[in-house]
Amino acid sequence: MLPNQEFSCSYTEGLFKISWIPLGDPGTEMMMVRWHLEEGRTDMAVPLLEQLLEREPENMEGRHVLSMILSGHRLVSDR
């Protein structure tokens with residue numbers, strides 16, 4: 001697991017539930033990505049992730065989130 005985040009995965013009734021909670025500075029790009037995803041704006045989150053990965057190709061958190069989005073997964077907020 002990457003520092004400054006909480007991650008869990010569960011499977012119930014044929015559905016996977018993935019919870020991802022970054023615990024860092026709310027001004028970070030990943031916090032902005034999460035906000036867009038929570039609001040259902042994947043069209044806004046994907047370009048931010050792509051820009052981040054252009055600058056930081058080894059950013060595993062960004063890579064993982066982008067791959068989950070492109071695979072059709074949605075963020076489920078426990079709020």
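Everything quoted here is computed from the prediction, not taken from an experiment. Heavy atoms only: backbone and side chains are in, while hydrogens, waters and symmetry mates are out.
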- Message: Return the CG to CD distance between N59 and E29, rounded to the nearest 0.5 Å.
- Response: 8.5 Å
- Item | Ion pair R63/E56, N-O distance below 4.0 Å | no
- Task: With rounding to the nearest 0.5 Å, note down the distance linking CZ in R41 to CG in L48.
- Result: 10.5 Å
- Item | L52 with M44, same ILVMFWY side-chain cluster at under 4.5 Å | no
- Residue pairs involving residues 45-54 (criterion side chain to side chain donor-acceptor pair (under 3.5 Å); sequence neighbours excluded): none
- May I ask you to test the M31-W35 pair for a side-chain heavy-atom distance under 4.5 Å? no
- Query: Do V65 and L37 touch side chain to side chain, with heavy atoms closer than 4.5 Å?
  - Reply: yes
- Task: Working to the nearest 0.5 Å, report the span between CE of M68 and CG of L49.
- Result: 12.5 Å
